[in-house]
Peer 1: 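Take a look at the following structure, please.
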Amino acid sequence: MTAILSNMQAVRRAVTAAATAAGRPLDAVHLLAVSKTFPAASVREAYQAGQTAFGENYLQEALDKIDALRELPLEWHFIGPIQSNKTRAIAEHFDWVHGVDRLKIAERLSAQRPESLPPLNICLQVNVSGEASKSGVAPQEVAQLASEVARLPRLQLRGLMAIPAPTNDPARQRAPFVQMRELMETMNAQGMRLDTLSMGMSHDFAVAIQEGATIVRVGTAIFGARNYGGEQ
Ligand SMILES: *Cc1c(COP(=O)(O)O)cnc(C)c1O
């Protein structure tokens with residue numbers, strides 16, 4: 001058995017265990033395999049282990065893999081930071097975008113989404129409590145951004161995404177996930193129709209699932225440690 005196959009099986013077991021422990025149906029949690037920095041051959045191996053949804057951060061690297069694997073029925077999620085000059089290629093080649101935190105980026109994605117494709121699925125990135133990163137909209141501003149993004153014709157606003165500051169302490173992992181769940185609940189109570197919470201990575205996906213994650217983005221636990229060589 002290859003490492004990727006056995007890792008996939010272990011991660012799936014852990015996802016199932018966390019969902020079951022939380023009393024959630026198994027089909028409520030989707031596993032996104034984050035393949036950034038790994039070659040197309042690794043994606044193919046994960047596909048052979050039954051995985052179809054893949055997350056990528058770096059546009060050129062992703063486009064190369066999407067092209068190399070175009071005969072496979074894969075779903076591609078862009079999860080990295082988005083610069084304005086990258087929106088066209090993202091709109092043309094991806095099924096989901098998780099890191100939207102500005103109206104201008106959403107407007108460009110909508111305008112550039114080809115008519116031949118279904119609307120692009122969007123998650124708004126929220127800068128949850130204690131996060132050092134500069135990306136993500138502030139929690140108190142996300143409802144306003146959501147109402148503007150929801151009006152764009154070629155986008156389907158699906159929900160919220162977060163990358164909390166990493167910690168291995170489950171007690172401290174939980175707070176931002178609770179904050180995200182409550183944020184989405186509040187927005188839905190105000191009339192939004194969000195069905196996606198994209199949160200949880202290799203070190204904290206079990207806690208994220210307990211708190212309502214519907215997509216967990218798992219890289220290292222599937223593909224192994226990343227080697228960042230050169231420029232990203
Ligand atoms: C790299 C990355 C992941 C996967 O992280 P792991 O710790 O390797 O599981 C998930 N989400 C985002 C946004 C990432 O950039």
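Indexing begins at 1, ligand by ligand and atom by atom, following the structure's order.
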Peer 1: Pull out every atom of ligand 1 sitting under 4.0 Å from any heavy atom of V218, numbered as shown with elements.
Peer 2: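 Answer, ordered by atom number: 9 (O).
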
Peer 1: Heavy-atom distances under 4.0 Å decide this one: backbone, side chain, both or neither, for R226 against ligand 1?
Peer 2: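 The part of R226 near ligand 1 is the side chain, not the backbone.
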
Peer 1: Cut-off 3.5 Å, no hydrogens considered: what does the side-chain donor-acceptor table look like for residues 19-33, sequence neighbours left out?
Peer 2:
from : atom 1 : to   : atom 2 : distance (Å)
T20  : OG1    : T16  : O      : 2.7
R24  : NH1    : I209 : O      : 2.9
R24  : NH1    : A213 : O      : 2.8
R24  : NH2    : A213 : O      : 3.1

Peer 1: Could you tell me, atom by atom, which parts of ligand 1 come under 4.0 Å of a heavy atom of G219?
Peer 2: 4 (C), 6 (P), 8 (O), 9 (O)

Peer 1: Determine the interplanar angle of the W96 and H77 rings, folded into 0 to 90°, and report it as parallel if under 30°, tilted if 30 to 60°, perpendicular if over 60°.
Peer 2: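 Parallel: the ring planes of W96 and H77 meet at under 30°.
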
Peer 1: Considering non-hydrogen atoms of the protein only, which is the closest contact for atom 5 (O) of ligand 1, and what is the distance?
Peer 2: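 For atom 5 (O) of ligand 1, the nearest protein heavy atom comes out as M201 CE, 3.4 Å.
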
Peer 1: With distance as the sole test, does D95 use its side chain to make a donor-acceptor pair with the main-chain N or O of W76 at under 3.5 Å?
Peer 2: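 Yes, because the side chain of D95 sits within donor-acceptor range (under 3.5 Å) of the backbone of W76.
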
Peer 1: Is it the case that the side chain of R181 and the backbone of E211 share a donor-acceptor pair, with hydrogens and angles ignored and the cut-off at 3.5 Å?
Peer 2: yes

Peer 1: Applying side chain to side chain donor-acceptor pair (under 3.5 Å) as the test, list every pair that has at least one member in residues 103-115; sequence neighbours left out.
Peer 2: S84-K104, T87-R108, T87-Q112

Peer 1: Just to confirm my output: which protein heavy-atom neighbour is closest to atom 11 (N) of ligand 1, and how far is it?
Peer 2: R217 NE, 2.8 Å

Peer 1: Can an N or O of H203 be found at a distance shorter than 3.5 Å from an N or O of ligand 1?
Peer 2: no

Peer 1: Hey, does the side chain of R217 reach the backbone of S198 with a donor-acceptor pair shorter than 3.5 angstrom?
Peer 2: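 Checked: pair present.
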
Peer 1: Do me a favour and list the nearest non-hydrogen protein atom to atom 12 (C) of ligand 1 with residue, atom name and distance?
Peer 2: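 Nearest neighbour among protein heavy atoms for atom 12 (C) of ligand 1, to 0.1 Å: I79 CD1, 3.6 Å.
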
Peer 1: For atom 8 (O) of ligand 1, what's the nearest protein heavy-atom neighbour? Residue, atom name and distance, please.
Peer 2: T220 OG1, 2.5 Å

Peer 1: Can you tell me which residue and heavy atom of the protein come closest to atom 1 (C) of ligand 1, and the distance to 0.1 Å?
Peer 2: K36 NZ, 1.4 Å

Peer 1: Rounded to the nearest 0.5 Å, what separates atom CZ in F54 from atom CG in L72?
Peer 2: 8.5 Å

Peer 1: Heavy atom to atom 6 (P) of ligand 1, shortest distance: which of S202, S198, G200, P166 holds it?
Peer 2: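 Closest candidate by heavy-atom distance is S202.
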
Peer 1: Please confirm whether the backbone N or O of E56 pairs with a side-chain atom of K65, one donor and one acceptor, at under 3.5 Å?
Peer 2: no

Peer 1: Counting only heavy atoms, which portion of N57 has something under 4.0 Å from ligand 1: side chain, backbone, both, or neither?
Peer 2: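 Under 4.0 Å from ligand 1, N57 contributes side-chain atoms alone.
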
Peer 1: With heavy atoms of I163 as the reference, note each atom of ligand 1 found under 4.0 Å away.
Peer 2: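 The atoms of ligand 1 under 4.0 Å from a heavy atom of I163 are 13 (C).
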
